[in-house]
Amino acid sequence: MALLQIMKLEGVKPNSSTLAGLLAACAAAGSCLNDYVEEEGLELDVVLGTALVDMFAKCGFLDKAIQIFENMEIKDVKSWTSMILGYGVHGQARNVVDLFYRMEEEGFRPNAVTFLGVLSACSHGGLVMEAMKCFEGMVQVYGFLPKIKHYGCMFDLLGRAGLLEEAHDFI
């Protein structure tokens, strides 16, 4: 990252190979950190576990993110949300919805970001009924006042599904 900043200061534009190398280095650093935690027998606590889940998912290593998430003994809403967002980034809308329901079943209360991740994944995955149910639960069960991004996901969902009249009515 420091080298990238120096390049920027000197007016040198990085190419795709430079950026791909940076991403690989980030993923390798995360993998080394995870190996270190395992080798030293350190506890994979909620903060470190969530950070690793987020990093591996964003770097394209969804299987590693899932493995870490499942091995975390203690999870919080941020852990669940990171895994939900990870599945969403990888286009796995059905897994997003399934994990969301599992989160609820295990007694965790979703937050506004969790709902945004679920709604966005449903929109991109064409899961209209699941998104409608989630949006309704967000308001009626959890008492959240939807933000413009939540409404945007719903509008996007309906538009992508060709439900333009419903999208108009929703607005």
*Trace of the side-chain contact (heavy atoms from CB on, under 4.5 Å) decision for Asp169 with Glu166*: CA-CA 5 Å; Asp169 293 343; Glu166 289 84 346; 5.5 Å; no
*Could you go through the side-chain contact (heavy atoms from CB on, under 4.5 Å) check for Asn95 and His90 one step at a time?*
CA-CA 10 Å; Asn95 286 337; His90 289 270; over 6 Å; no
*So Met103 and Val77, side-chain contact (heavy atoms from CB on, under 4.5 Å) or not? Walk me through it.*
CA-CA 8 Å; Met103 175 186 177; Val77 66; 3.5 Å; yes
_Asn111 vs Thr114, test: side-chain contact (heavy atoms from CB on, under 4.5 Å). Steps then yes/no._
CA-CA 5 Å; Asn111 62 26; Thr114 311; 2.9 Å; yes
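With a 6.0 Å radius and a threshold of 12 heavy atoms from other residues, nucleotides or ligands, Phe144 has its CZ atom above the threshold. More than 12 heavy atoms of other residues, nucleotides or ligands sit less than 6.0 Å from atom CD1 of Ile171. Environment of CD in Glu73: sparse, with no more than 12 heavy atoms of neighbouring residues, nucleotides or ligands closer than 6.0 Å.
The same ILVMFWY cluster, assembled from side-chain heavy atoms under 4.5 Å apart, contains both Val139 and Val141. The hydrophobic clustering, which links ILVMFWY residues whose side-chain heavy atoms are closer than 4.5 Å, places Phe61 and Leu85 apart. Put simply, Met72 and Phe56 are part of the same group of oily side chains (I, L, V, M, F, W, Y) that touch within less than 4.5 Å, one to the next. Cluster annotation: Leu116 is not connected to Val128 through the hydrophobic network of ILVMFWY side chains, with a link wherever side-chain heavy atoms come within less than 4.5 Å.
What you find for Lys75 and Phe69 is that their closest heavy atoms are CE-O, 2.9 Å. Taking all atoms of both residues into account, the shortest heavy-atom contact from Ala167 to Gly159 is CB-N, 4.4 Å. Of all heavy-atom pairs between Ala57 and Ala65, the closest is N-CB, 3.8 Å. Nearest heavy-atom pair across Cys134 and Val118 is SG-CG1, 3.6 Å. For the residue pair Gly49 and Ile68, the shortest heavy atom distance occurs at O-CG2, 3.8 Å.
Among the candidates Ile66, Val96, Asp54, Thr50, the single residue satisfying the side chain to side chain contact (heavy atoms under 4.5 Å, CB included) test with Met83 is Ile66. In summary, of the residues considered (Val113, Asp76, Leu99, Val53), a side chain to side chain contact (heavy atoms under 4.5 Å, CB included) with Thr81 occurs for Val113 alone. Checking each of Met138, Met132, Lys133 against Phe135 for a side chain to side chain contact (heavy atoms under 4.5 Å, CB included) leaves exactly one that passes, namely Met138.
No side-chain heavy atom of Ile74 sits less than 4.5 Å from a side-chain heavy atom of Asp45. Within the 4.5 Å cutoff, the side chain of Leu157 has heavy atoms near those of the Met154 side chain.
In this model, a donor atom of one side chain and an acceptor atom of the other lie less than 3.5 Å apart for Tyr142 and Glu104.
Separation of atoms NE2 (His124) and CD (Gln92) is listed at 15.0 Å; rounding is to 0.5 Å. Phe155 contributes atom CZ, which lies 10.5 Å from atom CD1 of Ile148 (distance to the nearest 0.5 angstrom). Expressed to the nearest 0.5 Å, how far OG of Ser82 lies from NZ of Lys58 amounts to 7.5 Å. Between Cys122 atom SG and Arg94 atom CZ the span is 7.5 Å, to the nearest 0.5 Å. Separation of atoms OG (Ser79) and CD1 (Ile84) is listed at 10.5 Å; rounding is to 0.5 Å. Between Leu163 atom CG and Glu165 atom CD the span is 9.5 Å, to the nearest 0.5 Å.
When ring centroids are compared, Trp80 and Phe100 stay outside the 6.0 Å threshold.
Formation of a donor-acceptor pair under 3.5 Å by the His150 side chain with backbone atoms of Ala112 is found in this model.
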